[in-house]
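These notes concern the structure reproduced below.
This one's a predicted model, so the numbers in the text were calculated from it and none came from an experiment. Note: hydrogens, waters and symmetry copies are ignored here, and every other heavy atom, side chains too, is used.
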Amino acid sequence: MKSRHETWVRPPGLDPEEAAELLLRDLHSSRAGLTSIEAQRRLLQYGRNELRRRGGRRWPRELARQFTHPLALLLWLAAALLTAVGSFVVAVAVVLIIFLNAAFAFVQEVHAEHAVEALAAYIPQRAKALRDGAPREIDATELVPGDIVVIEAGDRIAADIRLLQGAVEVDMSALTGESVTTLRSAAILDVNVPVLTAHDLVFSGTSCTGGEAHGVVFATGMNTELGRIAALSERVEQEPSPLERQVRRVAWLIAVVSVSLAVAFIPLATFGIGLSLVDSVVFAAGLLAGMVPEGLLPVITLALAVAVRALAGRGALVKRLSAVETLGSTDVICTDKTGTITENRMRPTRVWTASGLLDLDDAAALHRDTPPDPAQVTVGRIAATCNNARLEPGEEPSGDPTEIAVLLAARELGAGLAATERESDRCWQFHFDPELKLMSTIDRHHGRLAIRTKGAPEALLPHCTTFLAAQGKQLPLTDSDRQRIAAQVDAFAADGLRVLALAERELPPGRRPPHRRSDAETDLCFAGLIAMLDPPRPEVAEAVRDCRTAGIRIIMITGDHPLTAAAIARRVGITGSDPTVISGQQLEELGETELRALVSRTPDIVFARASPEAKLRIADALSDEGHVVAMTGDGVNDAPALRRADIGIAMGRSGTDVAREASTMVLTDDDFASIATAVRDGRRIYDNVRKFIIYIFAHATPEVTPFLFFALGGGRIPLPLTILQLLAFDVGSETLPALALSREPAEPGLMDRPPRPRSEGVVQGPMLIRAWLFLGAIVAALQMTGFFFVLTRAGWTPGDPTGPGDPLHHAYQQATTMTFLGMIAGQIGTAFAVRTTRASLRSVGVLSNRYLLAAIAGELLLAAVFVYTPPFQKLLGTAALPASDLLFLLPYPFIVWGADELRRYLIRRHSSRSPRRH
């Protein structure tokens, strides 16, 4: 037996195009599949069915990138200037900061990448394999060579498979680049052709868009065609998100401004103010270091990754970091009904035939001792045979919820439900077509063949020419009969019930069954209706209210009857009492200009009997009108609309693999309320990104101010903050609180404001004014007050020497330490001030962010190490401060916080007095 770590190689002589029985023999398998024990043994032998990552070659490039972004280049320039004037110790310190920042940013990016990749475990790709003689849904990574798998419409094929039975349409674009679907059938045998063109083979990574088939797995993992391609190519690099691009542009702006100021100041200070060239260069290097927000990029990356993990825990799996930003600006949600708004737990409630109405909730009516009605018996037979769900005794129901409900109705009507009997009698199947809204089967019945069809009433009735009357007689279907059936459908739909119509046609003996759908679904005999109840999820109404309050418009797009759709939309609050309902036929008659006008001018609108292609048109129309659109979907044909929407949302439970692959976000619980939660979290995270941007930018002013005092003093004022102290401040105290701010709870009123415009940048003028000219200016004033307080108390006057060996040198060291601690104290106040944008801090709780409290505690502990331990005193030039000076610093955080609290109060007061815009 091979080691479990070895890659499986095809046995010598194995040819996937050889006769099916020979291939099964070579794979030591059979049409009944493998036993669970044998499958486990092969899993150990061949390994898991997954592609190996080639991540080992990426990390040097990723790490090198951290040394070349614009903020790192600024520090490299500062180090070069310091080296040029002989300040080698400081230059080494700057280079050390570059390496520390690069390592930190690299670690955060790797952590963010792993966080997103780990989310795949929330929704593993599934596969249906025959194990121990019965179909069983398993994790696709557990497929092994020799497994017999079932492929259905919507499945993403998980291994290289030889078809044994049935036919499927397959999207091969993942391998060939061509999006046109191809037919793959067990009945078409190709010999001596390239494997990708063989009509009886399907391959890992492709998608089944229609049909159903059984096949045997002949290659898994890296031995598949997809694995061969993956082995020849490197992984595609992840594109930076729009937010990261905006922040990088701001970083370049800071770099250009900083370099311009530094370069302009060196000659100005040397020849105008009278500083020495060395002092001028030291000032320029300090200016560059002070302007660099080193932790900005890694903090944003990690904050988005943390948000993605948090959303996954709430039922919303976001597949890209950039989607978190888009969620915050979503202003239209186009949602399905079944399974998203409703519970997708269909239960049959009524059966209607020409003989009358049968209430399935009425136990007495069901068990009345009367002869069975022939029409109801026929309805039960069609419901049981034109069906792919399973309802076996002692087993959990499996299959589509609607089909399970139809089977439940068949059971109440006395029909046999054995899946094995149904499959043995079935000769052909026309799978459900979302455009035709029909499904048909051709089955043997008492030695003859019969076509059984179910589907939407308005889609099925045009194919019917007769109906089943009392005592089982077939009578011509007149216009008045059609009106009576339509009236009953409308009555069911008005109660919020989903309705299916059923019909059949017996084929003459000896005639070959039709293999074209158009020939089969004609001249049918209408048998009856089954009405089903799918109640709304209890939490949806509140989620809808939250979205509407937040200025988010909700549009329901469903394949259900217009009256059913309208009833459910009214019940959960998506629309008012009189919504505009557009049927699929009406939508087809609208031009693109008319559709754009409709979606932009009609507030309460429901699209019913809509095809998946209609979703794409609606998404296009909304996007053309400038809306940021979230679109839900679960079927194969929903994939184009999911890709077109700004946020494509697939269903994790009921959705197909194709839909999940095309989406940006997957709902692990299929619940609309999870969309509202994701939008709320998207807004919160975007707000928090802005908060820590203000927090980081606010430090530029107090970091640059000491060097301005030194330069403008013409040498009469000693440098209030050394470059090493500045670097210690940046490394030791800035990043952890910024990370903690990404965990801020939502501000009150977060979902009361309109969505953020798509064009609105993450960094805006008012943010910079608040950071640089308000919070930063207050901290700068406080720190310089502390510096001059300590220095003048020791008897210093402008121009007095403070260098080593001078009487005032120790006082100068204490003064720079006071500047250093004053910046930290002001920084703590800034951290609390930026926790809210407009609301009072009391509204979110002063102590509610435990991560920030821990970060501040760590910051204070590190400051004590810098100031009171001899090694750092010698390195940084700090000196221990007496208790009186520490008490002098105590009000600093409250002054900064209180000033911003007053500013926010005045803004709220002004806003409340200003007339509201309508």
Side-chain angles (χ1 to χ4, degrees), residues 299 303 306-307 310 324-325 327-331 542 545-552 676-698 737-757 760-779 826-853 855-856 893-917:
V299 166
V306 169
V324 178
E325 313 155 35
L327 281 168
S329 55
T330 299
D331 63 342
E542 182 179 356
R545 282 196 302 271
D546 289 344
C547 288
R548 291 175 70 91
T549 303
I552 300 172
T677 300
V679 170
R680 178 184 178 86
D681 269 21
R683 291 188 175 191
R684 179 182 64 85
I685 290 300
Y686 200 86
D687 277 2
N688 288 348
V689 168
R690 285 182 159 176
K691 290 171 185 176
F692 63 68
I693 286 176
I694 295 173
Y695 168 80
I696 291 174
F697 278 21
L739 285 173
L741 287 171
S742 70
R743 302 291 191 97
E744 272 296 309
E747 288 188 48
L750 178 72
M751 294 293 280
D752 294 337
R753 63 190 191 217
R756 172 176 55 86
E760 183 177 293
V762 65
V763 180
Q764 294 185 298
M767 294 170 57
L768 299 179
I769 292 173
R770 183 185 180 192
W772 289 338
L773 300 182
F774 186 75
L775 292 170
I778 293 173
V779 175
Q827 183 188 52
I828 293 172
T830 300
F832 279 97
V834 301
R835 288 185 59 197
T836 57
T837 303
R838 293 184 50 154
S840 169
L841 187 55
R842 293 191 302 273
S843 63
V844 296
V846 176
L847 305 178
S848 59
N849 189 338
R850 65 180 187 277
Y851 299 101
L852 182 60
L853 298 179
I856 290 173
F894 300 98
I895 293 172
V896 177
W897 173 17
D900 197 71
E901 192 78 29
L902 177 61
R903 182 192 67 84
R904 282 179 273 121
Y905 166 74
L906 294 175
I907 290 175
R908 293 195 303 272
R909 185 178 179 186
H910 179 266
S911 298
S912 64
R913 291 182 175 181
S914 300
R916 293 184 177 270
R917 294 181 181 179

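Note that CZ of Arg684 and CG of Leu327 are 12.0 Å apart. Values are rounded to the nearest 0.5 Å. Taking CD1 of Ile828 as the start and CG of Leu852 as the end, the distance is 9.0 Å to the nearest 0.5 Å. How far CE of Met767 is from CH2 of Trp772: 10.5 Å, rounded to the nearest 0.5 Å. Note that CZ of Arg690 and CG of Leu741 are 15.5 Å apart. Values are rounded to the nearest 0.5 Å. The CZ atom of Arg753 lies 6.5 Å from the CZ atom of Arg683; values are rounded to the nearest 0.5 Å. Taking CZ of Arg842 as the reference point, atom CD of Glu901 lies at 6.0 Å (rounded to 0.5 Å).
In terms of heavy-atom proximity, Ala839 sits nearest to Ser843 at CB-OG, 3.5 Å. The nearest pair of heavy atoms linking Glu747 to Thr837 is OE2-N, 2.7 Å. Scanning both residues, Glu744 and Arg835, for their nearest heavy atoms gives OE2-NE, 2.6 Å. Summarising the geometry of Pro737 relative to Tyr695, their closest heavy-atom pair is CB-OH, 3.2 Å, with the distance given to 0.1 Å. Considering every non-hydrogen atom in both Ala698 and Thr830, the closest pair reads CB-CG2, 4.0 Å. Across every non-hydrogen atom of Thr836 and Ser840, the tightest pair is CG2-O, 4.1 Å.
Considering only residues two or more places apart in sequence or on other chains, Phe774 meets the ring-ring contact (aromatic ring centres under 6.0 Å, His included) condition with none of them.
Between the Arg743 side chain and the Asn849 main chain, no donor and acceptor come within less than 3.5 Å of each other.
Within a 6.0 Å radius of CD in Glu542, other residues, nucleotides and ligands contribute 12 heavy atoms or fewer.
Residues Asp546 and Arg680 have side chains not in contact (no heavy-atom distance under 4.5 Å, counting atoms from C-beta outward). Using a 4.5 Å cut-off on side-chain heavy atoms (C-beta onward), Ile685 and Ser742 make no contact. In this structure the side chain of Asp752 reaches within 4.5 angstrom of the side chain of Thr549, judged on heavy atoms. Annotation: side chain of Val834 is in contact with side chain of Leu775 (closest heavy-atom distance under 4.5 Å). Looking at Ile552 and Pro755, their side chains come closer than 4.5 Å, going by heavy atoms from C-beta outward. Inter-residue side-chain proximity for Leu853 and Leu847 is flagged as met; some heavy-atom pair is nearer than 4.5 Å.
A salt bridge links Arg904 with Asp900: at least one charged nitrogen is closer than 4.0 Å to a carboxylate oxygen.
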